[in-house]
Amino acid sequence: MEAITDTRFTRLLTEVRPLRVSGYTAGEIEDEWDRLGWQRGDSPSVLIPGTGFLGRIEPAPGPMYSTWTTQFTVPLGTTTPERFRHFHALMTATWGPPSWYCGLGNLEVAWVDGGVLRKFDLSDYGTVDLTVCSVEGDNHRRMHWYENPHEYLESIGEDDMDLTDVNDLAYSVADGYEFSHLWSAGGSPGYQKWRIETPKQLRGVLTELLDGVHLAMRAVGTGTEALRLAFAGGSQPRPVLELDSEEIRLRVGRTELAEDYLSAHGFVDGPDGYVLCRWPTVPGQARVAATATVVLLNHLGMADDMLGIVVSGDPLAVEGFSVDMYLDFVDRGPQD
């Protein structure tokens with residue numbers, strides 16, 4: 001994508017805009033190619049005029065293979081989040097303000113045009129895809145995830161629920177949850193709020209949230225305040241996990257932790273009687289920070305069904321930021 005000129009990219013946006021996708025059958029998308037006069041390539045692909053890009057028909061990613069989620073996709077190669085920001089400016093200049101932004105560990109930027117949804121997806125690996133699908137099909141995919149959730153608790157064992165060791169960074173079945181997004185801004189792709197059921201699942205979700213929001217900061221711009229996730233359980237104190245463009249911070253009151261815990265886990269003195277643990281916003285560190293956070297919650301006796309989360313801050317240069325999840329840890333009763 002680094003070799004794409006502004007003129008070529010703007011032509012792509014202009015050519016794709018009239019494409020109408022119902023989301024039901026590949027044949028309907030192919031009829032649209034004929035209506036627009038596009039030259040077909042090897043089935044099921046098409047050459048987009050004046051751009052050199054090939055688009056193709058494929059099922060949308062999701063929990064089931066369905067004609068409801070048939071979509072038209074144009075792979076655009078790889079880029080950096082900072083270069084994506086330049087293309088994002090061209091998108092908004094050509095198509096207007098996006099209808100919404102959202103992400104898991106990735107970034108989606110979407111425009112709703114009647115019954116058609118156009119969106120760009122920037123992955124954590126730097127790949128970029130332009131997708132055109134039906135709004136109904138996208139809603140169907142997200143609602144299927146939400147209303148027919150993966151039986152998460154049945155897929156994991158007791159050993160995959162709790163997290164007590166900051167060195168336990170390995171991925172496991174505990175990371176096998178299925179969500180369509182964890183945050184949104186500028187609007188919403190749906191009303192879904194995803195339920196988090198175990199401490200290890202929370203570690204996975206926090207990892208993707210930190211990585212995804214930081215990716216969006218780089219790709220669409222940083223807001224006026226750091227993202228803050230404050231944890232509370234009954235009368236317990238509120239450890240706070242923070243993210244800005246430069247670092248991740250875990251903050252807790254000094255009086256809540258013994259000196260041996262502070263020294264063993266890398267906490268240093270901060271302002272106003274708090275102690276801090278810091279990590280840079282580089283690949284792999286979100287997992288470390290998320291693990292340390294959940295281990296701390298367990299150490300404080302907060303990793304139970306009373307745990308809640310309060311979200312604040314303005315991390316993106318887009319209004320209406322929301323973290324679309326809530327904590328509802330399974331109550332397993334007294335533990336031996």
(request) With sequence neighbours left out, write down each residue that passes side-chain hydrogen bond (donor to acceptor under 3.5 Å, both in side chains) with Asp124, or none if nothing qualifies. (result) none

(request) Following the transitive rule for hydrophobic clusters with a side-chain heavy-atom cut-off under 4.5 Å over Ile, Leu, Val, Met, Phe, Trp and Tyr, establish whether Leu296 and Leu276 coincide in one cluster. (result) no

Residues 205-224, side-chain donor-acceptor partners within the protein, below 3.5 Å, at least two apart:
unit_1 : atom_1 : unit_2 : atom_2 : d
Thr207 : OG1    : Arg203 : O      : 2.8
Glu208 : OE1    : Tyr177 : OH     : 2.7
His214 : NE2    : Ser245 : O      : 3.2
His214 : NE2    : Thr281 : OG1    : 3.2
Arg218 : NE     : Glu82  : OE2    : 2.7
Arg218 : NH2    : Glu82  : OE1    : 3.1
Arg218 : NH2    : Glu82  : OE2    : 3.3
Thr224 : OG1    : Asp314 : OD2    : 3.0

(message) For a side chain to side chain contact (heavy atoms under 4.5 Å, CB included) check, start with the C-alpha distance between Leu76 and Phe87, then their side-chain angles and the critical distance, and finish with the verdict.
(response) CA-CA 12 Å; Leu76 298 175; Phe87 290 115; over 6 Å; no

(message) Once rounded to the nearest 0.5 Å, what's the spacing between atom CG of Leu19 and atom SG of Cys133?
(response) 10.5 Å

(message) Tell me the closest heavy-atom pair linking Phe329 and Ala303, and the distance in Å.
(response) CD2-C, 3.9 Å

(message) By the definition side chain to side chain contact (heavy atoms under 4.5 Å, CB included), identify the one residue from Val109, Val112, Val318 that meets it with Trp100.
(response) Val112

(request) Just say parallel, tilted or perpendicular for the rings of Tyr101 and His88, cut-offs at 30° and 60°. (result) tilted

(message) Can you see whether Asp129 engages Thr73 through a side-chain donor-acceptor pair at a distance of less than 3.5 angstrom?
(response) no

(request) Using the rule that two of Ile, Leu, Val, Met, Phe, Trp, Tyr join whenever any of their side-chain heavy atoms come within less than 4.5 Å, decide whether Val288 and Val240 are in one cluster. (result) no

(request) May I have all residue pairs that pass salt bridge (charged side-chain N to carboxylate O under 4.0 Å, His left out) and include part of residues 284-298, sequence neighbours excluded? (result) Asp175-Arg287

(message) As a quick check of understanding, evaluate side chain to side chain contact (heavy atoms under 4.5 Å, CB included) for Thr79 and Leu122, giving each step before the final call.
(response) CA-CA 9 Å; Thr79 191; Leu122 172 64; 4.3 Å; yes

(request) Considering only Ile, Leu, Val, Met, Phe, Trp and Tyr, and joining two whenever side-chain heavy atoms are under 4.5 Å apart, list the other residues clustered with Leu54. (result) Leu47

(request) Check whether any side-chain heavy atom of Thr92 lies under 4.5 Å from a side-chain heavy atom of Pro98, and answer yes or no. (result) yes

(message) Let me confirm one number: the CZ-CZ distance from Arg251 to Arg228, rounded to the nearest 0.5 Å.
(response) 7.0 Å

(request) Can you measure from CG (Leu307) to CG (Leu327) and round to the nearest 0.5 angstrom? (result) 5.0 Å

(request) Would you check if there is a donor-acceptor pair between the side chains of Ser134 and Glu136 at a distance under 3.5 Å? (result) no

(message) Check for me whether Arg11 meets the cation-pi criterion with Phe53, that is, NZ or CZ under 6.0 Å from the six-membered ring centre and within 45 degrees of the ring axis.
(response) no

(message) Tell me the closest heavy-atom pair linking Gly313 and Glu225, and the distance in Å.
(response) CA-OE1, 3.5 Å

(request) Show your reasoning for whether side chain to side chain contact (heavy atoms under 4.5 Å, CB included) applies to Thr131 and Leu117. (result) CA-CA 8 Å; Thr131 297; Leu117 178 68; over 6 Å; no

(request) Could you tell me which residues satisfy side-chain contact (heavy atoms from CB on, under 4.5 Å) with Asp328, sequence neighbours excluded, listed by chain and number? (result) Arg195, Tyr326

(message) If I compare all heavy atoms of Glu15 with all of Ile48, which pair ends up nearest, and what's the gap?
(response) CB-CG2, 3.8 Å

(request) For Phe120, check ring-ring contact (aromatic ring centres under 6.0 Å, His included) against everything at least two apart and list the hits. (result) Phe9, Trp95

(message) Let me confirm one number: the CG-CG distance from Leu227 to Leu241, rounded to the nearest 0.5 Å.
(response) 7.5 Å

(request) Could you tell me the separation between the CG atom of Leu182 and the CE atom of Met325, rounded to the nearest 0.5 Å? (result) 7.0 Å

(message) List the residues meeting salt bridge (charged side-chain N to carboxylate O under 4.0 Å, His left out) with Asp260, not counting sequence neighbours, and say none if there are none.
(response) none

(request) Give a yes or no on whether the backbone of Ala286 and the side-chain of Trp279 come within a donor-acceptor separation of less than 3.5 Å. (result) no

(message) side-chain hydrogen bond (donor to acceptor under 3.5 Å, both in side chains), that's the test. Do Asp324 and Ser184 meet it? Break it down for me.
(response) CA-CA 7 Å; Asp324 301 327; Ser184 57; 2.8 Å; yes

(request) Keeping to residues at least two apart or across chains, list the salt bridge (charged side-chain N to carboxylate O under 4.0 Å, His left out) pairs with something in residues 87-113. (result) Arg20-Asp113, Glu108-Lys119, Glu108-Arg142, Asp113-Arg118

(message) Applying side-chain contact (heavy atoms from CB on, under 4.5 Å), can you list everything that pairs with Arg254, at least two apart in sequence or on another chain?
(response) Glu259, Leu262, Asp269, Val275

(request) Search all heavy atoms of Leu13 against all heavy atoms of Met91 and return the closest pair with its distance. (result) CD1-CA, 3.8 Å

(request) Check whether Phe179 and Val311 end up in the same hydrophobic cluster, where Ile, Leu, Val, Met, Phe, Trp and Tyr are linked by side-chain heavy atoms less than 4.5 Å apart. (result) yes

(request) Please answer: with hydrophobic residues joined when any side-chain heavy atoms are less than 4.5 Å apart, are Leu163 and Ile309 in the same cluster? (result) yes

(request) Looking only at non-hydrogen atoms, find the nearest pair between Pro18 and Leu36 and report the distance. (result) CB-CD2, 4.0 Å

(message) On a heavy-atom basis, which atom in Pro239 and which in Leu297 lie closest, and how many Å separate them?
(response) CG-CD2, 4.1 Å

(request) Quick one: do Glu30 and Ile57 satisfy side chain to side chain contact (heavy atoms under 4.5 Å, CB included)? Show the steps, please. (result) CA-CA 9 Å; Glu30 292 176 333; Ile57 300 170; 3.7 Å; yes

(message) Which residues pass the ring-ring contact (aromatic ring centres under 6.0 Å, His included) test with Phe84, not counting sequence neighbours?
(response) none

(message) So, taking the atom named CG in Leu243 and the one named CG in Leu229, what distance separates them when rounded to the nearest 0.5 Å?
(response) 8.5 Å

(message) For Glu247, give me all partners under salt bridge (charged side-chain N to carboxylate O under 4.0 Å, His left out), at least two apart in sequence or on another chain.
(response) Arg249, Arg278

(message) For Asn106 and Asp121, which I'm curious about, is there any donor-acceptor pair between the side chains at under 3.5 Å?
(response) yes

(message) Taking Phe72 as the starting point, is it possible to reach Val135 by hopping between hydrophobic residues whose side chains are less than 4.5 Å apart?
(response) no

(request) List in chain and number order the residues that pass ring-ring contact (aromatic ring centres under 6.0 Å, His included) with His265, two or more places apart in sequence or in another chain; answer none if no residue qualifies. (result) Tyr261

